[in-house]
Amino acid sequence: MVEAGQAPVGRPIMVKKFGGSSVADVGHIKAVAEHVVAAHRQGHAVVVVVSAMGKTTDSLVALAQEVTDRPDPREMDMLLTAGERISMSLLAIAIRALGVPATSLTGSQSGIITNDFQGGARIVEVRPYRVEDALSEGHVVIIAGFQGVSYRREVTTLGRGGSDTTAVALAAALGAEVCEIYSDVDGIYSADPKRIIGARRLTELSHEEMIEMARAGAKVLAEEAVAYARLKGIALYVRASDGRSGETMVRCHAAAAPSRISAVAIRPDAVLWRYAGGAEVADRVDTWLAAEGVAPLFRVHGAGVDGTLLLARDVADGVGHGFAALLDSGRRLLAEDLLAERRGTLVSIVGTAVGSEASLPRRFAACVRTSCPPNAGAQGGGDCISHGLTLSALVKDGDAEALARALHRDFVEAT
């Protein structure tokens, strides 16, 4: 839970997050410094959250793997947080060189308090006292993203997209008016523009749409960060760090047509488990998920006997035996086939039309059948899953891009 407050600085607070590509080298860092100084001189109290420079995190992981193929999780967190510390220090130096006072702070110095989970901790509280003090003194505050400190005083990292989560949590705790997310793209698109030529930049999205897009594989914003923003009612502005004018606003009540499909997303690391059984088995599965700390991408158990879990591949590989053991222990409650597994690439459409247009599942399934070659194995033709604002198919890896193009043409470009 993030505690919201209002820093007593007398100026509107603005939180800006810059990703690794935006601070990839000294030239990029100087450009970010000029951008931040301009905002400061316009009268804003500016807080900047930075990721590690370019591929620094990947390089640090590779170094650790040269030492051992099973590095200690605690020491990995200590190692990986060094990347953001380099970025924050260099940016503070660059801002000071432009004549504006700046203070850099680590996640722990900023009051980012997390649970004890190494490698993928969650923020439980923010105590931004040092941030408020520096803002009150007229400083720009630069904060290392992706990191915090547990109640046991251990340094932790927040997992993929952790710098986004840092920025949103600080915006909530400081009562910021604006939270801006800068990267190498000028907003959020209806599909990956590198894969689909007809992809359109979306001007506005709801938090719910963005959360489901992230879960389905869109990489511009982290799911947990958007969930925080929804909880605290914070609007996010996704912009390009190179000054391009486009942007996408993600907010609580986006102006969306009730029958639209916003985007097509691809997630290559999906594993689908189907199980049979009634409500009692569903309860057992829910209990197991909670006990194992497993967060499925989707969890569906309808009025019938079949249930579906969709997980990221690394999660499925880590807990597969535990899940099979759970089902085996309840054999008397289940059908003979206790566990069916499918692996492949998840291709999804996301939008308010899912669940509201009765013909949508039939049209979606027809598109899957047409785009994926018949008799292509267990995944050919797809396993269709409807969940919230998302309708997905699990297909063979080689079929995913053709299906995504067809879905985008039929459900996005046609409207």
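Predicted, not measured: the structure shown is a model, and the values here were computed from it. For the single chain, residues carry numbers from 1 onward in sequence order.
In terms of the ring pair (Phe, Tyr, Trp, His ring centres under 6.0 Å) criterion, F411 has no residue partners (sequence neighbours excluded).
The main-chain N or O of T157 is never found under 3.5 Å from a side-chain atom of Q147 such that the two would form a donor-acceptor pair. A donor-acceptor pair under 3.5 Å is absent between the side-chain atoms of H44 and the main chain of V36, judged by distance alone. Judged by distance alone, the side chain of R74 and the main-chain N or O of V155 form no donor-acceptor pair under 3.5 Å. Judged purely by atom type and a 3.5 angstrom limit, R313 uses its side chain to pair as donor or acceptor with the backbone of P268. In this structure a side-chain-to-backbone donor-acceptor pair under 3.5 Å is missing from S110 to I112. Distance alone, capped at 3.5 Å, is enough to place a donor-acceptor pair between the R200 side chain and the V412 backbone. In this structure a side-chain-to-backbone donor-acceptor pair under 3.5 Å is missing from S371 to V368. The closest donor-acceptor contact from the side chain of T248 to the backbone of L202 lies under 3.5 Å. At least one donor-acceptor pair closer than 3.5 Å links the side chain of S356 to the backbone N or O of A353.
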Stepwise side chain to side chain contact (heavy atoms under 4.5 Å, CB included) test for M53 and I29: CA-CA 9 Å; M53 297 172 64; I29 287 173; 4.1 Å; yes

Let's go through F298 and S392 carefully: what are the C-alpha distance in whole Å and the side-chain angles of both, what is the deciding distance for side chain to side chain contact (heavy atoms under 4.5 Å, CB included) to 0.1 Å, and is it a yes or a no? CA-CA 10 Å; F298 300 116; S392 305; 4.1 Å; yes

Please report the C-alpha distance between V354 and T390 in whole Å, then the side-chain angles of each, then the deciding distance to 0.1 Å, and finally whether the side chain to side chain contact (heavy atoms under 4.5 Å, CB included) criterion is met. CA-CA 6 Å; V354 177; T390 304; 5.8 Å; no

Going through the checks in order, is the side chain to side chain contact (heavy atoms under 4.5 Å, CB included) test met by M210 and R230? CA-CA 10 Å; M210 189 64 243; R230 178 178 62 180; over 6 Å; no

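Within the 4.5 Å cutoff, the side chain of R195 has no heavy atoms near those of the R405 side chain. Contact check for L205 versus M213: side-chain heavy atoms found under the 4.5 Å cut-off. Residues L297 and R267 are in side-chain contact: their nearest non-hydrogen atoms beyond the backbone lie under 4.5 Å apart. I261 places a side-chain heavy atom less than 4.5 Å from the side chain of L360. Taking the side chain as every heavy atom from C-beta outward, T203 and M249 never approach each other to under 4.5 Å. Between T57 and E84, the closest side-chain pair of non-hydrogen atoms falls below 4.5 Å.
For the residue pair T156 and D77, no side-chain donor N or O sits within less than 3.5 Å of a side-chain acceptor on the partner. For the residue pair T106 and S108, a side-chain donor N or O sits within less than 3.5 Å of a side-chain acceptor on the partner.
A distance of 11.5 Å separates NZ in K16 from OG in S241, rounded to the nearest 0.5 Å. Note that CZ of R152 and OG1 of T114 are 11.0 Å apart. Values are rounded to the nearest 0.5 Å. Taking CZ from R160 and CD from E223, the interatomic distance works out to 9.5 Å, rounded to the nearest 0.5 Å. The structure places CD1 of I181 at 4.5 Å from CG of D164, a figure rounded to the nearest 0.5 Å.
Each ring-ring contact (aromatic ring centres under 6.0 Å, His included) pair with one or both residues in residues 13-39, not counting sequence neighbours, appears once here: F18-H35, F18-Y182, H35-Y182. Within the structure, side-chain hydrogen bond (donor to acceptor under 3.5 Å, both in side chains) contacts touching residues 184-193 (residues at least two apart or in different chains) are D186-Y189, S190-H408.
A 6.0 Å sphere centred on CE of M76 holds more than 12 heavy atoms belonging to other residues, nucleotides or ligands. Dense packing is recorded around CZ of R244, with more than 12 heavy atoms of other residues, nucleotides or ligands lying under 6.0 Å away.
A side-chain contact (heavy atoms from CB on, under 4.5 Å) with I13 is found for exactly one of V131, V178, V141, L174, namely L174.
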